[in-house]
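Just so it is clear, the model here is predicted, and its values are computed rather than measured. Within every chain, numbering begins at 1; the chains are lettered A, B, ... in the order of the sequence lines, protein sequences first and strands thereafter.
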Amino acid sequence: MSQKHATTLISSLCSRGAVCHARALFDEMPDRDVVAWTAMLSGYASNGLRREALDVFRRMVAAGAAPNEYTLSSVLTACRGPCAPATAMPLHAVAVRRGVDRMPYVVNALIDSYASLAEGVVDARRLFDALGSGRTAASWTSMIAGYARWGKERTGLRLFKTMLKDGVELSTFACSIALHACTLVMDLCLGQQLHLQCIKKALDVNLAVVNSLIDMYCTCARILDARSLFDGTPDRNLITWNTMIAGYSQCDPLMALQLLLEMNDEPNCFTLTSITSACADLAALRCGKQVHGAVLRRSYSDDLQMGNALVDMYSKCGSITNAKNVFDRMGCKDKFSWTSMIAGYGMNGYGNEAVQLFSSMIHAGVHPDHVVFLNLISSCSHAGLVDEGWNFFRSMINEYNLQPNKEVYGSVVNLLARAGRLREALDLIDMMPFAPDEYVWGALLGASKMHNNVEMGRLAARKITEINPDDVKNYIMLASIYAAGSKWGEYAFTRRSLRGIGSRKEAGISWIEVMDKMYSFTAADSSSPQVCLADEVLHILSQHMDDVGTGTVKSIDWEDLAIPQGFCGPVYLLATPSTTSTKNF
DNA sequence: TGAAACTACG
């Protein structure tokens, strides 16, 4: 077999994913020229095997073969991402030495490579500017994508407009990059204009463009527009499904699960991250555990976003032990991992653990932000750690130079007010550098009710009704404060003004997941015999717990409890055997 | 004669 034939075969094998066979053939070749080396190198690169690609390049240089413009653009592509900054400069030097540094494919790959580091965007722009009229479509799109990658979406979009003014034809690449930038800044208006252009130029037959459009509509809260695009695209790929599922996981988690059942592709790490977050929002522990199993079987557990989603899911499902297990096993953690775990402790009432974890986070060298402090203070609030919470508020300002935002002030007001320090809470509201909103006053109102403080309750309620006169729950809250304080005249007046608004307080619905089915119920719900039975059993159990508490009974003996026949525990009380749709991961 | 290269979407 000639060298050329072997090279053709190598790239053909690689394009079908048979990299190992290609490599076996490559190793058999007695002589390899630049083209053969380059074919093997780009074969690895196009299959995502960056390290191997880079290794081939090193061996090639060591073997004395001179890299040309093909080789350099391939190897630059191979080391995109985190390792790019370290390799871009030396490879640039090689390109200059070989005299190929101004060839379009090489420059474009260099622009992309430099722009894969935030600090490199300036160098990328220098290369881009030096190109002058030598720019190709890829030069523009690489530069625009570089800006969008590092929070300079607006600069990217301006460059996009310049590109069009310069007469560069709108391509599918440029279109999906610009749409992605629109998504990042949630510019629905420009996104819609681009959509129109896509239709005009028939670019909407391209799947990457459609996927970007779906993502843009999902992020801009236009889930129905996203869905109609999704439905109008019969040739979907995994990214299409993942984008739609991720969109639903933000606004309609049940639909996200439904879509998972409908997809025929194998779910991957992205899919399962969105599904985990949908389970978190539904507080569906059984489903979440099933997804966790699927994650473990596929060895996705090392993925950072996946780990963060699992910690969040277990926390929101109330399974703090599992949350901590996942957290502890995570190979690398970011700010979000720590925040999720602290929030998890907080929402489950483990204030001290939240505080302790915060110290570990600082010890690990992670800088806290507003969200961390918000969760930390609210953890303290729920656990009654008032002084600790207050100290965190102060250290946020003094030690970490963070200016508390409205939400943080709200949580500190909540912290003080719940602890009965209503006066201090009010002083803090007066000191706030923001106009207090209904949530801040709402915290004070709730605490006034908790501590039977009529004066403070009246003030908070007045402030809230100035901001939002239509929210019924505040009138009800105020009325019950008056009732508790025996202010019957004002109680009657408040109830009357309620009638004028003419709506009822929305019932707080609780739910429980039993055997893959969700059951919802309200307080004192008598609509279903099962709920009534559950109520009866709960009553028996709490009576029993009281007995244990007072030492009357030592431990729970199910035989002693007058549990209705056929039920082995309260959890199964509501269970109805049912055939629900299942999916084997 | 024929082989190898840049930019996009979760």
Side-chain angles (χ1 to χ4, degrees), chain A residues 1-12 14-15 22 26 29 32-46 56 60 65 67-78 80 95 100 103-113 115-116 124 127-128 131 135-146 148-149 160 163 168 171-184 203 206-216 218-219 226 229 233 236-249 265 267-275 305:
Chain A
M1 199 191 305
S2 77
Q3 196 169 51
K4 281 180 186 171
H5 278 114
T7 307
T8 311
L9 201 46
I10 286 169
S11 40
S12 162
C14 287
S15 69
F26 180 77
M29 289 173 78
R32 306 177 192 99
D33 60 4
V34 205
V35 187
W37 282 105
T38 308
M40 192 64 242
L41 194 163
S42 71
Y44 276 129
S46 59
V56 169
M60 169 185 175
N68 62 12
E69 67 271 32
Y70 288 89
T71 326
L72 281 161
S73 32
S74 296
V75 72
L76 280 163
T77 315
R80 284 172 65 184
V100 295
M103 296 201 149
Y105 281 100
V106 179
V107 196
N108 295 342
L110 275 168
I111 289 173
D112 183 71
S113 197
S116 55
L127 284 177
F128 175 83
L131 272 173
R135 289 169 199 150
T136 67
S139 324
W140 287 94
T141 46
S142 302
M143 196 61 239
I144 296 165
R149 204 156 32 230
F160 173 71
M163 180 192 94
V168 178
S171 70
T172 56
F173 284 94
C175 208
S176 46
I177 291 166
L179 279 166
H180 183 58
C182 290
T183 306
L184 292 172
L203 299 176
N206 179 280
L207 202 47
V209 170
V210 177
N211 292 343
S212 307
L213 280 166
I214 293 175
D215 189 36
M216 189 272 295
C218 284
T219 308
L229 270 169
T233 309
R236 302 162 191 150
N237 65 7
L238 188 55
I239 299 178
T240 321
W241 284 95
N242 286 348
T243 309
M244 200 64 233
I245 289 174
Y248 274 128
S249 76
D265 287 325
N268 70 359
C269 195
F270 286 97
T271 328
L272 296 181
T273 304
S274 302
I275 292 297
Q305 276 73 30

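When each of B/dA3, B/dC9, B/dA8 is scored by its nearest atom to the side-chain atoms of A/K4, the top-ranked nucleotide is B/dA3. Listed nucleotides: B/dA4, B/dG10, B/dA8. Nearest to the side chain of A/N68: B/dA4. Side-chain proximity of A/N268 to B/dA8, B/dG10, B/dC6: nearest is B/dG10. Comparing atom distances between the A/S212 side chain and each of B/dG2, B/dA4, B/dC9 picks out B/dC9 as nearest. For A/T172, whose side chain is taken as the heavy atoms from C-beta onward, the closest listed nucleotide among B/dA8, B/dA3, B/dA5 is B/dA8. Of the candidates B/dG2, B/dG10, B/dA5, B/dA5 carries the atom nearest the A/S74 side chain, counting heavy atoms from C-beta on. For A/S73, whose side chain is taken as the heavy atoms from C-beta onward, the closest listed nucleotide among B/dA3, B/dA8, B/dC6 is B/dC6. Of the listed nucleotides (B/dG10, B/dA8, B/dT7), B/dG10 has the atom at the smallest distance from the side chain of A/F270. Relative to the side chain of A/N108, the nucleotides B/dA3, B/dC6, B/dA8 differ in distance, and B/dC6 lies closest.
A/R80 has a side-chain polar atom (N or O) that falls below the 4.0 Å cut-off from OP1 or OP2 of B/dA8. One finds a side-chain N or O of A/T77 lying less than 4.0 angstrom from the OP1 or OP2 phosphate oxygen of B/dC6.
Summarising the geometry of A/T71 relative to A/T38, their closest heavy-atom pair is OG1-OG1, 3.1 Å, with the distance given to 0.1 Å. Considering all non-hydrogen atoms of both residues, A/R135 and A/L131 come closest at CG-CB, 3.8 Å.
A/H5 places its NE2 atom 11 Å from the P atom of B/dA3, with the value rounded to the nearest Å. Separating the CZ atom of A/F160 from the C1' atom of B/dA8 is a distance of 12 Å, rounded to the nearest angstrom. When the C1' atom of B/dG10 is taken as reference, atom CG of A/L272 falls 13 Å away, rounded to whole Å. Between the P atom of B/dA8 and the CE atom of A/M216 lies a distance of 19 Å, rounded to the nearest Å. Across the protein-nucleic acid pair, A/L229 atom CG and B/dG10 atom P stand 15 Å apart, rounded to whole Å. The nearest whole Å value for the distance from the CG atom in A/L238 to the P atom in B/dG10 is 13 Å. Distance A/L213 CG to B/dG10 P: 12 Å, rounded to the nearest Å. Protein atom CD1 of A/I10 is 13 Å distant from nucleotide atom P of B/dA5, rounded to whole Å.
Tested against A/N242, the residues A/T271, A/D215, A/N211 include a single side chain to side chain donor-acceptor pair (under 3.5 Å) partner, A/T271. Remark: of the listed residues A/T77, A/T141, A/T136, A/T136 is the sole one forming a side chain to side chain contact (heavy atoms under 4.5 Å, CB included) with A/N108.
Counting non-hydrogen atoms under 4.0 angstrom, A/N237 reaches nothing in the nucleic acid.
Not one N or O on the side chain of A/T233 forms a donor-acceptor pair closer than 3.5 Å with the backbone of A/R236.
Checked by atom type, the side-chain pair A/T240/A/N237 shows a donor-acceptor distance below 3.5 Å.
Less than 4.0 Å separates DNA chain B from at least one heavy atom of each of the following residues of residues 173-181 of chain A: A/F173, A/S176, A/I177, A/H180.
The base of B/dT7 lies outside donor-acceptor range of the side chain of A/S142, with no N or O pair under 3.5 Å.
Taking the six-membered ring where the residue is Trp, the centroids of A/W37 and A/F26 are separated by under 6.0 Å.
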Checking side chain to side chain donor-acceptor pair (under 3.5 Å) for the pair A/S116/A/S113: CA distance, chi angles, key distance, verdict? CA-CA 5 Å; A/S116 55; A/S113 197; 4.8 Å; no
